[in-house]
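Working notes, structure below.
In the text below, chain A, chain B and the rest are named by the order of the sequence lines, each starting its count at 1. Because only heavy atoms are used, hydrogens play no part in the values below, and waters and symmetry mates are left out as well, while side chains stay in.
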Number of protein chains: 2
Amino acid sequence: MDDAAPALNTAPATVEEFRDRLALVSEGLPKRLRQCADHIAANADRIAVSTVAELAAGADVPPSALMRFCQIMGFSGFSEMQKLFREAYAPGWPDYSTRLKNLKDNGAGSPAALLAEFVEAGRLSLEALAKSVDEAALDAAVAVLARAETLHVVGLRRAFPVATYLTYVFEKMAVPAMLHDAVGRLDHRFALRPGDAMIAITFTPYSEETLQLAQDARERGLPVIGITDRLTSPLARHSDAVLTVPEVDFGAFRSLSATIALAISLAVAVGSARGGADDLRKPEEKALPAE
Amino acid sequence: MDDAAPALNTAPATVEEFRDRLALVSEGLPKRLRQCADHIAANADRIAVSTVAELAAGADVPPSALMRFCQIMGFSGFSEMQKLFREAYAPGWPDYSTRLKNLKDNGAGSPAALLAEFVEAGRLSLEALAKSVDEAALDAAVAVLARAETLHVVGLRRAFPVATYLTYVFEKMAVPAMLHDAVGRLDHRFALRPGDAMIAITFTPYSEETLQLAQDARERGLPVIGITDRLTSPLARHSDAVLTVPEVDFGAFRSLSATIALAISLAVAVGSARGGADDLRKPEEKALPAE
DNA sequence: ACGGTTTTGGAATATTTATTCCATTTTATT
DNA sequence: AATAAAATGGAATAAATATTCCAAAACCGT
């Protein structure tokens with residue numbers, strides 16, 4: 001009775017392995033179990049969000065049959081199988097609070113260790129950005145900015161580097177842009193002219209001045225593109241298109257990698273939409289001599 | 001007991017409605033509930049595959065708080081809310097690499113494709129940085145900056161965002177720092193006092209002013225930490241420690257992801273070396289209130 | 001058609017997960 | 001500083017869900 005069950009010592013660890021195992025196993029399966037295999041194969045993506053009962057109903061078998069099927073696939077039960085799919089879908093973010101503690105316990109935060117953490121946080125942020133961009137909003141933003149006259153860029157505190165970077169790239173691409181820093185407490189409110197557009201950037205303790213300026217712009221009828229951290233940001237209210245950046249933070253410190261990536265994409269897209277398509281193709285000759 | 005809960009008669013029927021409601025509702029929310037709103041907004045896609053307990057842990061609130069949040073959103077409870085997301089669930093953005101491909105498939109030059117490129121460039125830069133960082137130089141830089149009095153930061157053009165970011169983080173950590181922008185063509189050369197130190201940042205078409213200021217500092221006996229792109233950079237000549245950042249570029253455009261990561265690491269390391277070790281342990285209370 | 005073997009369905013149980021409730025704490029108001 | 005109102009955390013409870021088990025049914029070779 002030991003080797004009776006055919007070859008199922010180890011559970012699949014990835015979705016690929018799962019599919020392999022499924023193909024392998026479903027050869028000589030009795031009727032009900034084959035129904036399970038077929039339905040699962042056809043609806044693998046719903047495993048993560050279904051209950052045993054639902055899946056069983058779908059395969060038109062009683063729950064216990066599906067249960068047996070899971071075990072034949074090498075899992076201890078349905079829950080374990082489901083876990084695979086739930087995790088595969090959203091690769092769990094490491095939790096930084098414990099990581100931070102470890103780091104602290106070990107090397108008292110040697111600079112190199114710290115750098116490793118920020119590099120990792122940056123990488124995750126970039127990946128998350130790729131996964132979560134709202135393409136429609138991005139397209140809309142580019143369209144708006146491409147047809148505006150001068151572009152007003154505002155962002156203070158943590159967002160200031162992003163604002164300066166945007167302005168820098170616009171300048172290199174010969175797009176008229178104006179940076180609203182707050183030097184000398186001068187707000188250049190009256191520089192906002194009909195036909196212009198604004199890019200406003202602000203993060204968590206949202207800066208009052210930025211919000212204010214965005215609102216001003218809105219009231220003067222300028223379209224406003226918001227770059228912020230959450231859809232629930234107050235900036236969203238004043239914006240015609242909102243781009244959110246899921247920046248993962250390490251301790252109390254939040255990186256900017258993803259935000260910068262989004263900013264340069266936006267700028268280059270706008271620049272090439274305005275300047276004609278070949279701005280991108282041969283940029284080394286036209287637009288941006290590196291620094 | 002009928003009108004106790006404020007204004008929440010009808011439950012969102014689509015994800016769109018859900019987002020609207022979320023934005024609407026999260027205005028005047030007390031602390032814990034706001035944490036829920038934020039975490040949910042940032043991780044809406046994981047609702048379908050998570051339990052109350054998991055989501056609550058992610059938002060760093062007890063399950064009952066999240067439960068209340070669901071009701072404020074107009075649902076009878078978590079299960080009803082989850083149902084919405086399970087039905088809408090399509091394992092849409094599976095993993096990073098296929099998502100990138102999808103973005104690129106929008107056609108070369110489209111904003112989404114551009115973003116994919118910059119995300120990729122950023123990631124590569126970060127990886128390269130992690131591999132190539134000169135730990136000795138980093139340690140030396142931190143040591144020097146930790147024992148200096150005020151820190152002078154200079155970086156113009158493409159390096160300017162980095163300089164402003166550094167200054168921002170220093171300020172948040174209560175490290176005296178001075179940003180040498182070039183506003184009004186004022187060079188604050190005479191602010192360089194014995195006992196101070198300088199961080200100078202410049203990349204390929206090295207900016208004359210930055211080099212000049214670094215040289216000034218050197219001549220006055222201040223230690224200079226250089227952040228640049230190659231070891232053969234002219235900045236290296238004026239620096240006591242040189243940190244190089246291998247930023248990969250896309251077309252004529254070079255990202256800043258790695259440079260930013262290096263900058264924040266440097267700043268945090270310096271900040272905690274100066275301020276006592278626990279700057280890192282409880283940063284949320286001391287140093288940096290998020291933005 | 002008979003005994004042995006495999007497969008099946010569903011009822012019983014165990015486990016996990018959601019939800020409610022209320023005693024404490026916090027916050028706002030006077 | 002005193003009071004009322006709102007918010008919070010956690011323990012208790014309810015509900016849903018997974019899992020096991022076994023008697024009945026189907027199957028198979030003789």
Worksheet item: Between B:Q35 and B:R32, does any side-chain donor sit less than 3.5 Å from a side-chain acceptor?
Response: yes
Worksheet item: Taking atom P of C:dT7 as reference, at what distance in whole Å does atom CZ of A:R34 sit?
Response: 13 Å
Worksheet item: Does A:Q82 put a side-chain nitrogen or oxygen below 4.0 Å from OP1 or OP2 of D:dT17?
Response: no
Practice prompt. Calculate the interatomic distance between B:F78 atom CZ and C:dT16 atom P; express it in whole Å.
Written response: 18 Å
Worksheet item: Between atom CZ in B:R68 and atom P in D:dG10, what is the gap in whole Å?
Response: 12 Å
Practice prompt. Send over the distance from A:M67 CE to C:dT8 P, rounded to a whole Å.
Written response: 16 Å
Practice prompt. Rounded to the nearest angstrom, tell me the gap between atom CD in A:Q35 and atom P in C:dT8.
Written response: 8 Å
Worksheet entry | Length of the CG-P vector between A:L55 and D:dA16, whole Å | 19 Å
Discussion item. Taking the minimum atom-to-atom distance to the side chain of A:P30, which one of C:dA18, D:dA7, C:dT7 wins?
Written reply: C:dT7
Item to complete: Return the nearest nucleotide to the side chain of A:T51; candidates are C:dT7, D:dT19, D:dT17.
Response: D:dT17
Discussion item. So, OP1 or OP2 of C:dT20: does either fall under 4.0 Å of a side-chain N or O from B:Q71?
Written reply: yes
Worksheet item: Think A:S79 has a side-chain N or O under 4.0 angstrom from the OP1 or OP2 of C:dT16?
Response: no
Worksheet item: Out of A:D229, A:T202, A:V242, A:I201, which one pairs with A:L235 under the side chain to side chain contact (heavy atoms under 4.5 Å, CB included) rule?
Response: A:T202
Worksheet entry | d(CG, B:L66; C1', C:dA18) in whole Å | 11 Å
Discussion item. Can you tell me if B:R32 touches the phosphate of D:dG9, counting only side-chain N or O atoms and a distance under 4.0 Å to OP1 or OP2?
Written reply: yes
Discussion item. Does the plane of the ring in B:F75 sit parallel, tilted or perpendicular to the ring in B:F18? Use 30° and 60° as the thresholds.
Written reply: tilted
Worksheet item: B:P63 side chain: which of C:dT17, D:dT17, C:dT19 is closest?
Response: C:dT19
Item to complete: Look at the side chain of A:S64 and decide which nucleotide, out of C:dA18, D:dT20, D:dT8, has an atom nearest to it.
Response: D:dT20
Worksheet entry | Gap between atoms CE and P, on A:M73 and D:dT19 respectively (whole Å) | 15 Å
